[in-house]
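Okay, so here's the structure we're looking at.
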Amino acid sequence: MYHEDTEILFPHRVIADLHGQRGSSWDKLVERVRDKEGDDPDTIAFVMMMARINGCLSCNADSFRAMKGCTACAQDSVRRHRGDDKELVAMFDKARKDTDELLNG
């Protein structure tokens, strides 16, 4: 089954839909990234972080996650994350560092 909201990895277009899913620290991070271009290092890091949280690499067309679509999957993953917002921001910072290493060698 194919859902029109399902992509291979977490899509940049879903970032704005994550606003309001957690506390103020999370919302500030979403606001920081949501209007940036797809090739911006912050956007790349956010996509990387969300792919890790959502388990995008293990998702396939027949999985329940894929049938729900990326937006619902991401919202559920963020809402259900057991850590606090500070941990999510730290995960972004780690992804940002990883992005810098990948982009700058």
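Counting from 1, the numbers follow the sequence of the chain as shown. All heavy atoms count here, side chains included; hydrogens, waters and symmetry mates do not.
Applying the ring pair (Phe, Tyr, Trp, His ring centres under 6.0 Å) test to residues at least two apart or on different chains, the pairs with a partner in residues 34-57 are Trp26-Phe46. Here salt bridge (Lys or Arg N to Asp or Glu O under 4.0 Å) pairs that include residues 66-80, with residues two or more places apart or in two chains, are Lys68-Asp76, Asp76-Arg79.
A salt bridge links Arg96 and Asp42; the closest N-O separation between the charged side-chain nitrogens and carboxylate oxygens is under 4.0 Å. Looking at Glu87 and Arg82, no side-chain N of the basic residue comes within less than 4.0 Å of a carboxylate O on the acidic one, giving no salt bridge. Of the charged side-chain nitrogens involved, none lies within less than 4.0 Å of a carboxylate oxygen, so that Arg34 and Asp17 do not count as a salt-bridged pair.
Taking both residues in full, the closest heavy atoms of Cys56 and Leu9 are given as CB-CD2, 3.8 Å, listed atom of the first, atom of the second, then distance. In terms of heavy atoms, Val33 sits closest to Thr43 at CG1-CA, 3.8 Å. Contact detail for Arg65 and Asn54: the closest heavy-atom pair is NH1-O, 2.7 Å.
With sequence neighbours left out, Asp93 forms a side-chain contact (heavy atoms from CB on, under 4.5 Å) with Val89.
At a threshold of 4.5 Å between side-chain heavy atoms, the hydrophobic network of Ile, Leu, Val, Met, Phe, Trp and Tyr places Met91 and Ile15 in one connected group.
Enclosure of atom CD1 in Ile8 is not indicated, since only 12 or fewer non-hydrogen atoms of other residues, nucleotides or ligands lie within 6.0 angstrom.
Taking 4.5 Å as the limit, some side-chain heavy atom of Glu7 sits within range of a side-chain heavy atom of Arg13.
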**Item:** Asp85/Lys28 under side-chain contact (heavy atoms from CB on, under 4.5 Å): CA gap, chis, key distance, verdict
**Value:** CA-CA 10 Å; Asp85 288 1; Lys28 286 178 187 172; over 6 Å; no

